[in-house]
Amino acid sequence: MATQTSIAPAAAVPTALRKLYLLRFAFAALWAAALFATADTLGPLSATLLVLYPLFDVACAVVDVRSARANDGPVRGLYANIALSTLTGIGLAVAATSGIPAVLRVWGLWAVTAGLVQLIVGAVRRQLGGQWAMIASGAISTLAGASFVAQAGKDDASLSNLAGYAFLGGVFFLVSALRLKRTDRQA
């Protein structure tokens with residue numbers, strides 16, 4: 001009986017992460033399409049979309065923390081992600097009143113820091129499988145964030161690259177969802 005109890009929580013982790021990652025992919029794809037359609041200007045719709053993205057990230061991280069805590073998993077990086085994404089939502093709301101370059105700077109800083117956190121969380125969870133995509137996504141996010149900050153200083157600064165960044169991040173979540181070990185079937 002004790003063995004069965006110890007298997008159930010371990011099996012729940014990949015299942016919960018798989019569902020969360022699939023949701024994140026779907027959201028990122030829809031969000032990217034909506035932002036791309038409004039990326040030429042910084043109006044009320046694009047500003048709302050910009051703030052919504054990190055707030056969705058906060059909600060996903062809260063779900064992830066609950067799952068990780070219930071299964072004695074690491075949560076420190078997830079708490080860091082919640083704090084970073086919350087501050088980013090606030091920062092983007094303020095930056096949207098100053099224009100696209102300010103938005104790119106805030107988003108870029110978030111991409112760098114959140115990418116480093118994602119890389120670390122993926123490395124810690126690598127035994128679950130499917131985490132190489134999260135590790136790669138974290139590394140790419142860090143580099144992309146630096147490019148957003150650089151782009152903010154150019155005359156042709158646009159939000160369209162943020163849509164591509166979000167979609168690519170969603171694809172990495174999809175890959176991770178599909179590659180997570182199916183310990184619930186192996187148990």
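Put simply, CD1 on Ile140 and CG on Leu119 are 10.5 Å apart, with the number rounded to the nearest 0.5 Å. Between the CZ atom of Arg105 and the CD atom of Gln151 there is a distance of 11.0 Å, given to the nearest 0.5 Å. The distance from atom CG of Leu116 to atom OG of Ser141, rounded to the nearest 0.5 Å, is 8.0 Å. Note that the CG atom of Asn81 and the OG1 atom of Thr86 stand 9.0 Å from one another [nearest 0.5 Å]. Summarising the geometry, atom CD1 belonging to Ile135 is positioned 11.5 Å from atom CZ belonging to Phe172; distances are rounded to the nearest 0.5 Å. The structure places CZ of Phe173 at 10.0 Å from CG of Leu23, a figure rounded to the nearest 0.5 Å.
Residues Phe148 and Tyr165 meet the side-chain proximity criterion, which asks for heavy atoms closer than 4.5 Å. Counting only heavy atoms from C-beta outward, the side chains of Phe25 and Leu178 never approach each other to under 4.5 Å. Counting heavy atoms from C-beta outward, Leu42 and Leu50 have side chains that approach closer than 4.5 Å. Side-chain contact between Val63 and Arg66 is absent, with no heavy-atom pair separated by less than 4.5 Å. By the 4.5 Å heavy-atom criterion applied to side chains, Val103 and Leu162 are counted as neighbours.
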query: Are Thr88 and Trp107 close enough, and set up right, to give a side chain to side chain donor-acceptor pair (under 3.5 Å), and what steps lead you there?
result: CA-CA 7 Å; Thr88 299; Trp107 193 285; over 6 Å; no
message: Test side-chain contact (heavy atoms from CB on, under 4.5 Å) on Leu104 and Val149; report intermediate values, then the result.
response: CA-CA 6 Å; Leu104 290 172; Val149 172; over 6 Å; no
query: What's the verdict on side-chain contact (heavy atoms from CB on, under 4.5 Å) for Ser158 and Ile100, showing C-alpha distance, side-chain angles and the deciding distance?
result: CA-CA 7 Å; Ser158 167; Ile100 291 175; 5.6 Å; no
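In this structure, Thr142 contributes its side chain and Gly138 its backbone to a donor-acceptor pair below 3.5 Å.
The six-membered or imidazole ring of Phe167 lies away from that of Phe36, with a centre-to-centre distance of 6.0 Å or more.
Placement of Tyr53 and Leu55 within a single hydrophobic cluster is found when ILVMFWY residues are connected by side-chain heavy-atom separations under 4.5 Å, directly or transitively.
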